[in-house]
There are 2 protein chains.
Amino acid sequence: MEMDGRKRKILDAIIRNYLETGEPVGSRTISRYTDLHLSSATIRNEMSDLEEMGFIVQPHTSAGRIPTDKGYRLYVNSIVETKMQKTEAMTSLMIYRTNRLEEMLKQVVRLLASMTNYTTMISAPSYRGSKVKFIQLSRLGPRQLLNVVVIEGNIVRSHIIDLVTDIDEETVYRLNMLLNSKLSGLTLMDINLGLISSMKEEAGSHAEVVSDVLDTIADVIRAETDEKMQIYTSGADNIFRYPELADSTKARKLISTLEEKSVLVDFVKETRERESQGETGIQVYIGDEGPVEDMKDCSVVTASYDLGDGLTGTIGIIGPKRMDYEKAMRNLKEMKKSLDNLFGGASAREPTGPGDRDAPANAGAAAGANGAWPGAGSGKPEDGK
Amino acid sequence: MEMDGRKRKILDAIIRNYLETGEPVGSRTISRYTDLHLSSATIRNEMSDLEEMGFIVQPHTSAGRIPTDKGYRLYVNSIVETKMQKTEAMTSLMIYRTNRLEEMLKQVVRLLASMTNYTTMISAPSYRGSKVKFIQLSRLGPRQLLNVVVIEGNIVRSHIIDLVTDIDEETVYRLNMLLNSKLSGLTLMDINLGLISSMKEEAGSHAEVVSDVLDTIADVIRAETDEKMQIYTSGADNIFRYPELADSTKARKLISTLEEKSVLVDFVKETRERESQGETGIQVYIGDEGPVEDMKDCSVVTASYDLGDGLTGTIGIIGPKRMDYEKAMRNLKEMKKSLDNLFGGASAREPTGPGDRDAPANAGAAAGANGAWPGAGSGKPEDGK
DNA sequence: TGTTAGCACTCGTTATGTTGGAGTGCTAAC
DNA sequence: GTTAGCACTCCAACATAACGAGTGCTAACA
């Protein structure tokens with residue numbers, strides 16, 4: 001069967017109507033909703049065809065039609081093709097100046113939730129590609145060391161190491177030399193367990209201490225793997241806006257899934273995967289298309305963001321299948337843009353401000369410290385209600 | 001009206017039965033449920049009295065009775081008096097050895113949720129009473145410093161500071177001396193803004209640098225105030241086990257409250273408050289008794305834990321009013337004990353090997369990792385716009 | 001050949017009884 | 001003081017009916 005323009009229009013009308021009401025939509029509604037000026041009978045015929053083609057279904061006999069995943073997919077694709085080309089101007093972020101990336105992420109995700117009235121998620125940026133800049137051991141006591149690792153992008157990780165044997169300042173000094181010469185400049189991915197064990201051998205007389213230190217560093221690396229990826233969510237209560245998700249069985253599963261953020265990592269992975277395969281921009285997972293079984297009644301829209309210095313993460317919107325895809329994608333796109341530019345996207349650098357912005361590695365800290373959020377100013381959640 | 005033993009037994013029976021079923025309980029049920037061997041008619045008379053006294057109510061005429069907050073309160077008090085005296089042996093924590101305090105807290109709260117089938121919360125330990133142990137500035141570049149603050153209990157906070165003017169190693173060294181001599185040994189509460197500003201004056205030629213550094217430290221302190229207190233929750237989906245909380249309006253409010261963890265801080269504060277007033281052990285908030293308006297259909301059971309070194313926090317169980325108070329209090333008490341002993345209750349302090357000591361040390365580091373993100377103000381927050 | 005009007009039919013929703021049971025309060029008898 | 005009995009209330013469950021939305025089909029029409 002062929003998909004002609006009229007069928008297309010009718011399908012669009014059905015979906016759009018269903019997005020608004022959440023109720024199955026009948027032929028009569030469409031007959032007047034569209035500018036096609038067709039009688040309900042004709043529409044019925046077409047709907048019958050569309051059902052046969054798999055774009056819509058009846059929840060039960062003699063009810064209106066609702067879109068299938070396949071129908072949604074077509075709709076989303078058409079949005080991507082048409083509307084998304086003319087990207088609108090970025091609305092500026094209403095993010096208060098904060099000191100911590102963590103707070104910033106929470107605010108972003110909260111803002112997005114209040115803008116869209118959907119549940120939202122964001123993954124903390126992972127910096128697998130970033131290089132080790134500086135390692136320092138300090139002696140806190142005869143058997144206690146402070147280990148600080150600074151990574152490109154000015155990420156700092158610090159641990160305290162308790163030793164079994166005493167250690168003196170001299171040894172600490174030599175260890176510092178060894179660690180910096182061996183490890184700086186390498187990415188966290190480069191510092192694999194193989195390298196670490198070979199370094200342990202080289203360590204000679206202080207093998208034990210080195211071993212402890214390296215184990216700690218290995219912990220740092222391990223802590224940044226996918227399994228431990230930090231994910232923040234917001235607006236979980238929004239699912240109660242949509243009756244089809246709000247019945248207690250489904251809601252419970254969803255809440256549980258959102259709380260157990262580990263499964264959300266699958267969306268981050270999947271998004272990263274797709275992006276690496278050339279698909280770029282906004283990803284849409286409709287129902288079963290997503291990697292998470294318990295979210296098959298939902299659609300998820302995701303995008304990757306890039307803070308620079310290899311710090312990339314994923315931000316997403318989770319809603320019912322009848323979510324307002326267009327708005328969601330628009331909001332997400334804007335948010336992505338804001339994040340991409342946060343720490344000095346090439347065009348967004350402002351030469352004003354006290355900080356030394358020249359060194360690229362500086363950008364993150366400088367921007368954050370000086371509160372030079374791009375376009376801090378107006379920008380309202382659209383359509384609160 | 002007097003509260004005699006029989007009334008007491010009947011009230012107990014009513015409450016216990018209601019805890020199990022969630023349904024209003026009638027006189028006939030009680031007549032057989034108890035070992036009083038009274039007819040339903042007699043029970044009815046007594047129930048009528050109990051209602052007059054305010055311990056139970058009828059949800060509607062000719063329904064059974066359900067406990068009021070006052071009734072619950074009496075019941076809880078009786079548990080405290082009788083059962084809780086013989087504290088049972090602590091069941092050992094099924095917590096995997098983890099490197100990060102954060103992970104540990106999440107596991108605790110998850111474990112407690114799965115044990116009780118209620119929603120649970122835990123506040124990250126605050127260390128307001130802890131002393132500064134060690135401050136270190138390291139020079140990363142001509143205008144960039146790494147600032148590490150170690151606090152008693154091996155909490156580490158590190159920030160990167162971007163300066164407006166260049167700084168040399170010599171100055172960094174002198175600054176280190178100044179900071180350590182002035183600040184170590186003081187608690188975070190002692191280091192108030194007054195002290196900081198007086199130090200700024202003393203700084204002399206490097207006033208600007210000192211100012212930057214001290215501002216950063218001030219930020220660290222500020223970041224540890226109540227408003228920023230970290231709270232973890234788990235088992236939010238458990239509210240759907242209890243129909244009286246699961247209708248979409250209430251559930252939505254609750255989910256929203258749990259997500260917006262900031263209001264949960266009120267429970268932490270309240271618990272701390274009560275403890276400082278001599279009340280000790282387990283706190284129970286029934287309905288309105290708690291500080292949070294949106295949780296008036298819930299009861300909350302809380303306890304403080306103490307990891308040692310002044311690191312104290314609060315752990316709590318959130319459930320319906322008909323929660324199994326006895327079990328909740330028991331579980332909470334055990335969990336509290338486990339936490340109190342975790343990092344070496346007096347007896348457990350022996351250094352039995354590096355493994356044991358790892359936990360506390362790294363726990364601190366984890367907290368440090370959180371604060372490791374750049375963005376502690378570099379001093380001159382001229383707002384970019 | 002495509003479009004439309006009309007009609008019978010289905011099915012979910014809502015409103016309206018109807019009934020049974022659980023529970024109460026009251027009273028009188030033990 | 002306790003109990004049995006009775007009338008009454010009210011909820012929950014069920015059945016029934018009315019209604020409306022929507023469909024599929026057929027026949028008529030342009």
Side-chain angles (χ1 to χ4, degrees), chain A residues 1-11 13-15 17-18 20-68 71 243-244 246-247, chain B residues 1-11 13-15 17-18 20-68 71 243-244 246-247:
Chain A
M1 188 157 329
E2 266 311 299
M3 182 72 166
D4 58 11
R6 195 171 74 174
K7 282 194 173 52
R8 188 59 177 267
K9 273 193 177 175
I10 291 172
L11 179 59
I14 293 170
I15 295 180
N17 193 284
Y18 181 68
E20 275 178 29
T21 65
E23 296 295 317
V25 16
S27 52
R28 209 173 125 73
T29 311
I30 299 302
S31 143
R32 285 178 302 188
Y33 190 80
T34 59
D35 49 357
L36 290 171
H37 303 297
L38 293 173
S39 77
S40 62
T42 311
I43 303 292
R44 276 203 288 282
N45 291 333
E46 296 286 30
M47 282 166 96
S48 179
D49 293 350
L50 286 169
E51 178 158 16
E52 198 179 329
M53 287 188 276
F55 293 113
I56 51 180
V57 284
Q58 289 178 276
H60 56 81
T61 4
S62 86
R65 307 301 215 286
I66 63 175
T68 61
E244 67 267 44
D247 80 275
Chain B
M1 185 153 335
E2 266 310 300
M3 181 73 164
D4 58 12
R6 195 171 74 176
K7 281 194 174 53
R8 188 59 177 267
K9 274 192 176 176
I10 291 172
L11 179 58
I14 292 170
I15 295 181
N17 193 285
Y18 181 68
E20 276 177 29
T21 64
E23 296 295 318
V25 18
S27 54
R28 209 173 127 70
T29 312
I30 299 302
S31 144
R32 287 179 300 188
Y33 190 78
T34 60
D35 50 357
L36 290 171
H37 303 297
L38 292 173
S39 78
S40 61
T42 312
I43 303 292
R44 276 203 289 282
N45 291 334
E46 296 286 31
M47 283 167 95
S48 179
D49 292 352
L50 286 170
E51 179 157 14
E52 197 180 330
M53 287 188 275
F55 293 114
I56 50 180
V57 285
Q58 290 179 277
H60 56 82
T61 7
S62 87
R65 307 304 216 284
I66 63 174
T68 61
E244 66 266 43
D247 81 273

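Sequence lines set the chain letters: A, B, ... in the order given, protein chains first and strands last, and positions in each chain run from 1. Excluded from the calculations below are hydrogen atoms, water molecules and symmetry mates; all remaining heavy atoms, backbone and side chain alike, are included.
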Tell me the interatomic distance from [X], atom [atom1], to [N], atom [atom2], rounded to whole angstroms.
{"X": "A:I30", "N": "D:dA21", "atom1": "CD1", "atom2": "C1'", "answer": "14 Å"}
{"X": "A:R32", "N": "D:dA21", "atom1": "CZ", "atom2": "C1'", "answer": "12 Å"}
{"X": "B:Q58", "N": "C:dA22", "atom1": "CD", "atom2": "C1'", "answer": "12 Å"}
{"X": "A:E46", "N": "C:dT4", "atom1": "CD", "atom2": "P", "answer": "11 Å"}
{"X": "A:I43", "N": "D:dG22", "atom1": "CD1", "atom2": "P", "answer": "13 Å"}
{"X": "A:R44", "N": "D:dT26", "atom1": "CZ", "atom2": "P", "answer": "14 Å"}
{"X": "A:E23", "N": "C:dG12", "atom1": "CD", "atom2": "P", "answer": "14 Å"}
{"X": "B:H60", "N": "D:dT9", "atom1": "NE2", "atom2": "C1'", "answer": "10 Å"}

Main-chain N/O of [Y] paired with [X] side-chain donor or acceptor, under 3.5 Å:
{"X": "A:S31", "Y": "A:S27", "value": "no"}
{"X": "B:T34", "Y": "B:I30", "value": "yes"}
{"X": "B:E46", "Y": "B:K7", "value": "no"}

Are OP1 or OP2 of [N] and a side-chain N or O of [X] less than 4.0 angstrom apart?
{"X": "A:T42", "N": "C:dT3", "value": "no"}
{"X": "A:S39", "N": "C:dT4", "value": "yes"}
{"X": "B:R65", "N": "C:dG23", "value": "no"}
{"X": "A:R6", "N": "C:dT3", "value": "yes"}
{"X": "B:T61", "N": "C:dT24", "value": "no"}
{"X": "B:S27", "N": "C:dT24", "value": "yes"}

Remember a base hit wins even if backbone is also touched, and classify A:A41 as base, sugar-phosphate or nothing at under 4.0 Å, heavy atoms.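 Here A:A41 touches the bases of the nucleic acid.
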
With the side chain defined as heavy atoms from C-beta on, B:T29 is closest, among C:dT4, D:dG22, C:dG23, to C:dG23

Hey, what do you get for CE (B:M47) to CD1 (B:I14), rounding to the nearest 0.5 Å?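 So the CE of B:M47 and the CD1 of B:I14 are separated by 4.0 Å.
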
